[in-house]
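Before any comments, here is the structure.
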Amino acid sequence: MLEIACPWCGPRPEAEFRCGGENPIIRPPLDCSDEEWAAYLHHRTNPKGLHRERWHHALGCGMWFAVTRSTIDHTIVETAPLGSAAEEEA
Amino acid sequence: MTSAPHKPARYGAFSLLRGGLNRQSHWTPILNEPDAPERHYDVVIIGGGGHGLATAHYLAANHGITRVCVIERGWIGGGNTGRNTTVIRSNYFFPQSAALYDLSLGLYEGLSKALDYNIMFSQRGMWMLAHDRHGMEMLHRSANAMLLNGVDAELHDGAGVRARIPGLNPNPRFPILGGLLQPRGGTARHDAVAWAYARAASRAGVHILQKTAVTGLRQQGGRITAVETSRGTISCDRVVVAVAGHSSEVAAMAGLSLPIQSFALQAFVSEPVKPCLDTVLLSPATGVYLSQSDKGELVIGAGLDLFISYAQRGSLPVMEQAAAGVIELFPQFSRLRFLRQWAGICDVVHDSSPILDESAIAGLHFNCGWGTGGFKAIPAGGWLTAHHVATGRAHPIAQPFGFGRFTSGAMIDEAAASGIAH
């Protein structure tokens, strides 16, 4: 079981959260090519190592926030509110 | 380890009896493992799991290509081939999927004989249960699709399910309104599938390198030329990547990005008990995926951990949910103890369908994206990949499963790919 530190609620068990996938994903302009659109929809970095992702405290405060987590051993390096300086730097 | 050709020993009652006279000393190593690889092969296959070994076998058996080397980082069948819940079925919705998985099921039906190796294929049937009116509607829809696709399917009401599966909870919280049975579905000994293909490929002259890591891919002029490994660089004309959960990692060595995310799927088994469940049971509403192994263990599958992971372990909340589902259907199993738990890493594609295609780099083929259902597809994955490698063109059954669908939008959106919603 992961212990995830919600920036607002503090450390809580994984069961309260839902993972929203990679962070950030930037939508390309609507006049982009099919390849760019396919990359936006389907291609993710999927790294074996540190991964930047968004989590939702679904059964808590309901806030979304940024998490930097290792996909090798699930160690959480950092959590930060979306749009914060810490998130931008991560 | 030896590179000398060995005399194959046939597996059968007579061979076993004959061995009784000489302390079973006539058995020989089944793998053709050279001490050092050749400098050049026609085809190098990265990944010594079911799909890689099946590809090697069908390259030799169907196309006469035997200058082939299979490179495995761990050991044969030690990856996802040895980590799944052994279920084989073809109860899919779309005609493209039905053609793919039914090809696989058909090959499985003849595999023990074709490879002279008992893979313990047991067509004990595969049930999908419905617990509400909407679930029944979905089963009707699935049954109709399967029959239209030429796949065997039987729809039973609640009484029919109970008549066929003894021991179901007589007073469940989620009533059992009906079930969809694929009689030809079942289970097989998963390791044996890998060993059978490995031996068949070895007999044809394919080299198998275990404990050999791939460290890089070389290309020239948009064409793959060599594979760098922990045992040196091996040049080749074509490369097949069949590495299940780690496809993104290998693709990155060639500078490619894949439309794949890797998730952990866990399973666990109970202590062995006497035969009590003679079929495979799937109940999406209660989160249950259950069968009994020939050894007597209850084999229980859970859902994916929905955050990307390369750790071959699952998390407790998902396991707890699956266990709760089992007890809902079979309260008497609540006293069984878990014997072991594990997880495999699955290549998940948005449309829950695999990728079988040559990539943008000429000669670099991918067999990946099977998600949570790669085991049942091993014979077809190997057959179709071998066809593409040998002929240079995708087999008609594999054509819909190419890279092109992500830009064209012709997705094959199989929510039934795992049978577990995700």
Self-check item: CG-CG distance between B:Leu316 and A:Leu2, expressed to the nearest 0.5 angstrom
Solution: 11.0 Å
Quiz item: Where on A:Pro47 is there a heavy atom nearer than 4.5 Å to chain B: the side chain, the backbone, both, or neither?
Solution: both
Self-check item: Pairs of heavy atoms under 4.5 Å with chain B: top-ranked of A:Arg18, A:His74, A:Glu36
Solution: A:His74
Self-check item: Note, A:Arg69 side chain near B:Ile308 side chain (heavy atom, < 4.5 Å)
Solution: yes
Quiz prompt | Any donor-acceptor N/O pair, A:Asn46 side chain to B:Ser262 backbone, under 3.5 Å | solution = yes
Quiz item: Are there more than 12 heavy atoms of other residues, nucleotides or ligands under 6.0 Å from atom CD of A:Glu16?
Solution: yes
Practice problem: Output the option from A:Met1, A:Glu35, A:Arg44, A:Lys48 having the highest count of non-hydrogen pairs under 4.5 Å with chain B. | Solution: A:Lys48
Practice problem: Check each atom of B:Ile260 against the heavy atoms of chain A and say whether the ones under 4.5 Å are side chain, backbone, both or neither. | Solution: both
Quiz item: Hey, what do you get for OG1 (A:Thr45) to CD (B:Gln261), rounding to the nearest 0.5 Å?
Solution: 8.0 Å
Practice problem: Count the heavy atoms belonging to other residues, nucleotides or ligands that lie under 6.0 Å from CH2 of A:Trp8, then report whether that count exceeds 12. | Solution: yes
Quiz item: Which residue out of B:Gly314, B:Ser315, B:Ser309 racks up the most heavy-atom pairs below 4.5 Å with chain A?
Solution: B:Ser309
Quiz prompt | Non-hydrogen atoms of B:Thr407 and A:Ala38 that approach each other most closely | solution = CG2-CB, 3.7 Å
Practice problem: Give me the ring orientation class for B:Phe406 and A:His42: parallel if the planes are under 30° apart, tilted from 30 to 60°, perpendicular past 60°. | Solution: perpendicular
Exercise. Determine the option with the most heavy-atom pairs under 4.5 angstrom with chain A, choosing from B:Glu320, B:His246, B:Met319.
Key: B:His246
Practice problem: Evaluate whether atom CZ of B:Arg73 has more than 12 neighbouring non-hydrogen atoms of other residues, nucleotides or ligands under 6.0 angstrom away. | Solution: no
